[in-house]
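Single-structure report; data block below.
Naming: A, B, ... by sequence-line order, numbering from 1 per chain.
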Amino acid sequence: MINFEVDYGELTKLIENLRAAEEGADKVIWAQLKQVATQMDEEIDEAMPVDTGRAAAGWGKYRPELLGQSTKISDKPLTHRTRPSKFTQKAQISSESDAIWEENEKELEIIEGTRVPYVPLLNENHPQFMGQIDMAVERAQVRLEGMGRTLLEWFERKLSGR
Amino acid sequence: MATFDHPWGEGTVKSSLNKFIKDNLVTNLPTWMSWVSTPSVGQARTLNFDYPEQPFQPPSFGVAHLGSDELMKFGGDRADGTNKGTMRFGLMEVDCYVSSKNNFAWAQQLSDMRDMVFKLLQQNRAIALYDFTNPTTPVALNAIVRTENIREVAVQPDPGNPALKKKRILVRYFWVERF
């Protein structure tokens with residue numbers, strides 16, 4: 001005669017830990033994600049060349065306090081690679097609709113960007129700003145990868161009930 | 001005071017990557033690109049670094065470094081048992097340019113240039129670092145810079161140069177900066 005004895009105690013505990021970890025993980029990931037996205041938003045705002053301030057104000061969360069500031073760096077074209085265009089002439093108009101910041105906590109998703117039409121050209125061609133959006137995205141990506149490793153360790157600890 | 005020397009710095013890495021691209025990307029060009037190496041063309045070059053102020057003649061490649069940042073510190077500040085150090089990452093942009101003016105083959109040419117860059121960078125994920133203390137005779141260091149996350153990103157039509165067609169390729173690289 002063969003007897004099978006199954007102790008569900010450990011399994012039940014594992015399931016409980018898994019549920020707790022899952023619920024906690026969402027909150028932790030969301031907080032970290034918001035932090036990384038906000039940091040990226042601020043980095044791009046700071047690096048953005050300012051003439052009218054529309055590009056800086058209109059990236060990510062709308063920041064009208066950046067309008068009207070002026071620095072030595074202009075977002076007007078400076079070299080043969082960025083000649084005056086109809087895009088730069090529209091720089092005077094700024095509104096909240098320029099800015100893109102969409103949060104979806106359920107999907108753990110944040111979308112940030114801008115509708116200012118000449119910002120992609122600044123990112124590609126402006127002598128001082130060239131590639132700075134790409135670099136900010138890269139920094140955010142690296143932070144998220146680091147965050148992923150930390151969260152994995154945290155999740156494993158939670159799962160084992162430690 | 002001794003002459004400043006920091007062969008593990010960002011300058012070395014940028015120069016080493018530039019050297020690698022110069023030594024490998026433009027040494028075996030297709031016939032439709034080879035005309036630019038003719039001396040009579042003057043300033044035309046197939047490869048430009050860091051956004052030249054002078055006008056360039058397409059078809060050509062452009063290489064620029066967009067910056068670097070710290071990735072992580074080594075425990076106890078020890079990178080290799082002796083030196084302090086940090087792991088850093090940087091972002092390199094490689095652009096391909098062709099002109100569509102009187103050039104019906106521009107799309108194919110641009111695609112070929114993109115493939116040349118991708119093949120070179122995908123085949124060589126570990127690139128040797130050189131000490132450029134003496135720029136004319138760089139000395140190989142016993143170290144490498146690694147590349148990853150090589151991707152093509154979208155480009156906007158340039159209203160100032162409508163005939164200039166472009167592809168942008170971004171490459172993340174990382175290395176250990178020792179102090």
(request) Kindly give the heavy-atom pair with the smallest separation between B/E70 and B/F89, and that separation in Å. (result) O-CE2, 4.0 Å
(message) Can you tell whether the side chains of A/E105 and A/K34 come within less than 4.0 Å, N to carboxylate O?
(response) no
(message) Can you see whether B/Y97 has B/K165 sitting over its ring - NZ or CZ less than 6.0 Å from the centre and within 45° of the normal?
(response) no
(message) Could you check whether atom CD of B/Q122 has more than 12 heavy atoms from other residues, nucleotides or ligands sitting under 6.0 Å from it?
(response) yes
(request) Just do the salt bridge (Lys or Arg N to Asp or Glu O under 4.0 Å) check on B/K119 and B/D115 with the steps written out, would you? (result) CA-CA 6 Å; B/K119 186 180 177 190; B/D115 288 351; over 6 Å; no
(request) Taking heavy atoms only and a threshold strictly under 4.5 Å, list by residue number the residues of residues 134-147 of chain A that touch chain B; give 'none' if the list is empty. (result) A/D134, A/M135, A/E138, A/R139, A/Q141, A/V142, A/E145
(request) Give every residue pair that meets the salt bridge (charged side-chain N to carboxylate O under 4.0 Å, His left out) criterion with at least one member in residues 9-18 of chain B, sequence neighbours excluded. (result) B/E10-B/K14
(message) Sub-4.5 Å heavy-atom contacts with chain A: which residues of residues 167-179 of chain B show up?
(response) B/R168, B/L170, B/R172
(message) For A/W59, run the side chain to side chain contact (heavy atoms under 4.5 Å, CB included) check against A/D98, A/D41, A/V116, A/L66 and tell me which one passes.
(response) A/D41
(message) When you compare the side chain of A/E103 with that of A/W101, does any pair of heavy atoms fall below 4.5 Å?
(response) yes
(request) With the side chain counted from C-beta on, respond yes when B/F61 and B/M33 share a heavy-atom pair under 4.5 Å apart, and no when they do not. (result) yes
(request) Classify the side-chain pair A/Y62/A/S95 by whether it contains a donor and acceptor separated by less than 3.5 Å. (result) no
(message) Heavy atom to heavy atom, less than 4.5 Å: which residues from residues 131-156 of chain B reach chain A?
(response) B/N149, B/R151, B/A154, B/V155, B/Q156
